[in-house]
Amino acid sequence: MTDVQIDDPQNFPPQEDHYERLWTPQRMSYVLRDSKPQTDKPKQPKPCPFCEAQTKSDEDGLIVWRGKNVFIIMNLYPYNSGHVMVCPNEHVALLTDVHSDAVLFEFEKATQMAMQVMTNVSHPDGFNIGVNQGEAGGAGVATHLHQHLVPRWNGDSNFMPIVAQTRTIPILLENQRAAYAAEAARIAPEFGL
């Protein structure tokens, strides 16, 4: 049997910036993906999922609510149960591309309403709200502006996403959409929507 050597932490080099490091060399292929030589075949652009959703029924497009200028849609790949997004109807990439005050106002009023819908239906303890701008900014769909609203509960983070790369979502998207849509229809007038 081989003896196991245990290194003395006193012999480790000091951590100068007090950050721990998680080395992920497998991500280098993601970082360098645009530096690969282009093939002769032109890439077909992917259709915009937010524009496509607007052409479907609310149920098929997972749309919670439709306003005059914006809509609320369930996230197909939710960070947490009940994750929705507020999107302008118009296909614009950045917040600075929205030149109408009416669209900007409805965008934020719909965000307020979505928070109230989540509060009334799902009773979260808090929220994450954010807009990722551009591919480098983390936008999964960089060509169509969308604002994320993620309901959060105390203790909702666990080991599953880290260890198993799996999120546990306790309700089907279509059932969550139906509950949110009914509540959004009920309270929209309170928000002037």
Side-chain angles (χ1 to χ4, degrees), residues 34 43-154 156-157 167 169 171-193:
D34 289 336
K43 264 183 152 177
Q44 293 295 334
K46 290 183 181 179
C48 173
F50 301 129
C51 290
E52 281 191 336
Q54 292 180 79
T55 67
K56 299 177 181 178
S57 69
D58 290 354
E59 293 79 9
D60 290 341
L62 294 174
I63 293 178
V64 171
W65 174 85
R66 293 178 195 252
K68 181 179 177 186
N69 300 299
V70 304
F71 62 99
I72 301 171
I73 186 170
M74 299 301 300
N75 191 311
L76 192 56
Y77 304 102
Y79 300 144
N80 214 352
S81 184
H83 178 174
V84 301
M85 295 167 291
V86 177
C87 306
N89 295 342
E90 184 183 6
H91 185 82
V92 295
L94 302 172
L95 195 57
T96 54
D97 295 337
V98 178
H99 299 295
S100 165
D101 288 345
V103 175
L104 288 171
F105 183 76
E106 189 176 325
F107 190 74
E108 289 308 313
K109 289 300 281 185
T111 300
Q112 282 185 319
M113 182 181 72
M115 287 178 63
Q116 191 62 54
V117 165
M118 289 176 177
T119 298
N120 296 353
V121 173
S122 301
H123 312 288
D125 298 315
F127 301 91
N128 291 123
I129 299 175
V131 179
N132 299 323
Q133 298 281 269
E135 192 174 320
V141 179
T143 60
H144 198 129
L145 174 65
H146 55 285
Q147 179 161 263
H148 294 266
L149 283 87
V150 182
R152 301 299 307 270
W153 294 267
N154 292 323
D156 66 7
S157 296
R167 296 192 187 279
I169 308 295
I171 185 170
L172 294 174
L173 285 175
E174 55 265 23
N175 295 345
Q176 186 77 74
R177 188 216 67 82
Y180 279 2
E183 184 63 10
R186 186 183 78 77
I187 70 169
E190 297 172 23
F191 289 85
L193 298 171

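Both backbone and side-chain heavy atoms feed into the values below; hydrogens, waters and symmetry mates do not. Computed from a predicted model, the values in this text were never measured in an experiment.
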Colleague: Got a second to check how far Met85's CE is from Ile63's CD1, nearest 0.5 Å?
Modeller: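 So the CE of Met85 and the CD1 of Ile63 are separated by 10.5 Å.
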
Colleague: List the residues meeting side chain to side chain contact (heavy atoms under 4.5 Å, CB included) with Ala179, not counting sequence neighbours, and say none if there are none.
Modeller: Val121

Colleague: Begin from the C-alpha positions of Glu183 and Arg186 and carry the test salt bridge (charged side-chain N to carboxylate O under 4.0 Å, His left out) through to its verdict.
Modeller: CA-CA 5 Å; Glu183 184 63 10; Arg186 186 183 78 77; 2.8 Å; yes

Colleague: What are the two closest heavy atoms between Gln176 and Ile171, and how far apart are they?
Modeller: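 Minimum heavy-atom separation between Gln176 and Ile171: OE1-CG2, 3.1 Å.
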
Colleague: Once rounded to the nearest 0.5 Å, what's the spacing between atom CG of Leu149 and atom CE of Met118?
Modeller: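 Going from the CG atom of Leu149 to the CE atom of Met118 covers 5.0 Å.
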
Colleague: With sequence neighbours left out, what residues match Asp125 under side chain to side chain contact (heavy atoms under 4.5 Å, CB included)?
Modeller: Trp153, Asn154

Colleague: What closest approach, in Å, do Asn132 and Gly137 show between heavy atoms, and which atom pair accounts for it?
Modeller: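 So the two residues come closest at CB-O, 3.4 Å.
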
Colleague: Can you name the nearest heavy-atom pair linking Ala53 to Gly61, along with the distance?
Modeller: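 So the minimum-distance heavy-atom pair works out to CB-O, 3.8 Å.
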
Colleague: State whether Glu174 and Arg177 are salt-bridged, where the test is any N-O pair (Lys NZ or Arg NE/NH1/NH2 against Asp/Glu carboxylate O) under 4.0 Å.
Modeller: no

Colleague: Please work out whether the ring planes of His146 and Phe50 are parallel, tilted or perpendicular, with thresholds of 30° and 60°.
Modeller: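 His146 and Phe50: tilted rings.
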
Colleague: Measure from the side-chain N and O atoms of Glu106 to the backbone N and O of Val70, and report whether any donor-acceptor pair falls under 3.5 Å.
Modeller: yes

Colleague: Could you state the interatomic distance from CD (Gln54) to CZ (Arg66), rounded to the nearest 0.5 Å?
Modeller: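 With rounding to 0.5 Å, CD (Gln54) is 7.0 Å from CZ (Arg66).
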
Colleague: Passes side-chain contact (heavy atoms from CB on, under 4.5 Å), Leu145 versus Asp97? Steps please.
Modeller: CA-CA 9 Å; Leu145 174 65; Asp97 295 337; over 6 Å; no

Colleague: What distance do Lys56 atom NZ and Leu62 atom CG have between them, rounded to the nearest 0.5 Å?
Modeller: 8.0 Å

Colleague: Would you sort out whether Val84 and Tyr180 count as a side-chain contact (heavy atoms from CB on, under 4.5 Å), showing the intermediate values?
Modeller: CA-CA 10 Å; Val84 301; Tyr180 279 2; 3.9 Å; yes

Colleague: Report yes or no: does Ser122 contribute a side-chain atom to a donor-acceptor pair with the main-chain N or O of Pro124 at less than 3.5 Å?
Modeller: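 Answer holds: no.
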
Colleague: For Ala142 versus Glu135, what's the shortest heavy-atom pair and its separation?
Modeller: CB-N, 3.5 Å

Colleague: Which of parallel (below 30°), tilted (30 to 60°) and perpendicular (above 60°) describes His148 and His83?
Modeller: tilted

Colleague: Hey, what do you get for CG (Asp101) to CG (Asn69), rounding to the nearest 0.5 Å?
Modeller: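 Spacing of CG (Asp101) from CG (Asn69) equals 11.5 Å.
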
Colleague: Can you list the residues that meet the side-chain hydrogen bond (donor to acceptor under 3.5 Å, both in side chains) rule with Glu90, with sequence neighbours excluded?
Modeller: none

Colleague: Atom CZ in Phe191, atom CD in Gln116: separation rounded to 0.5 Å?
Modeller: 5.0 Å

Colleague: Any side-chain heavy atom of Trp65 sitting closer than 4.5 Å to one from Leu193?
Modeller: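 Yes, side chains in contact.
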
Colleague: State, with a plain yes or no, whether a side-chain heavy atom of Val141 is found less than 4.5 Å away from one of Pro49.
Modeller: yes

Colleague: Of all heavy-atom pairs between Val103 and Pro88, which one has the smallest distance, and what is that distance?
Modeller: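 Minimum heavy-atom contact is CG1-CB, 4.2 Å.
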
Colleague: What heavy-atom pair brings Pro151 and Ser81 nearest, and what distance separates the two atoms?
Modeller: CG-O, 3.1 Å

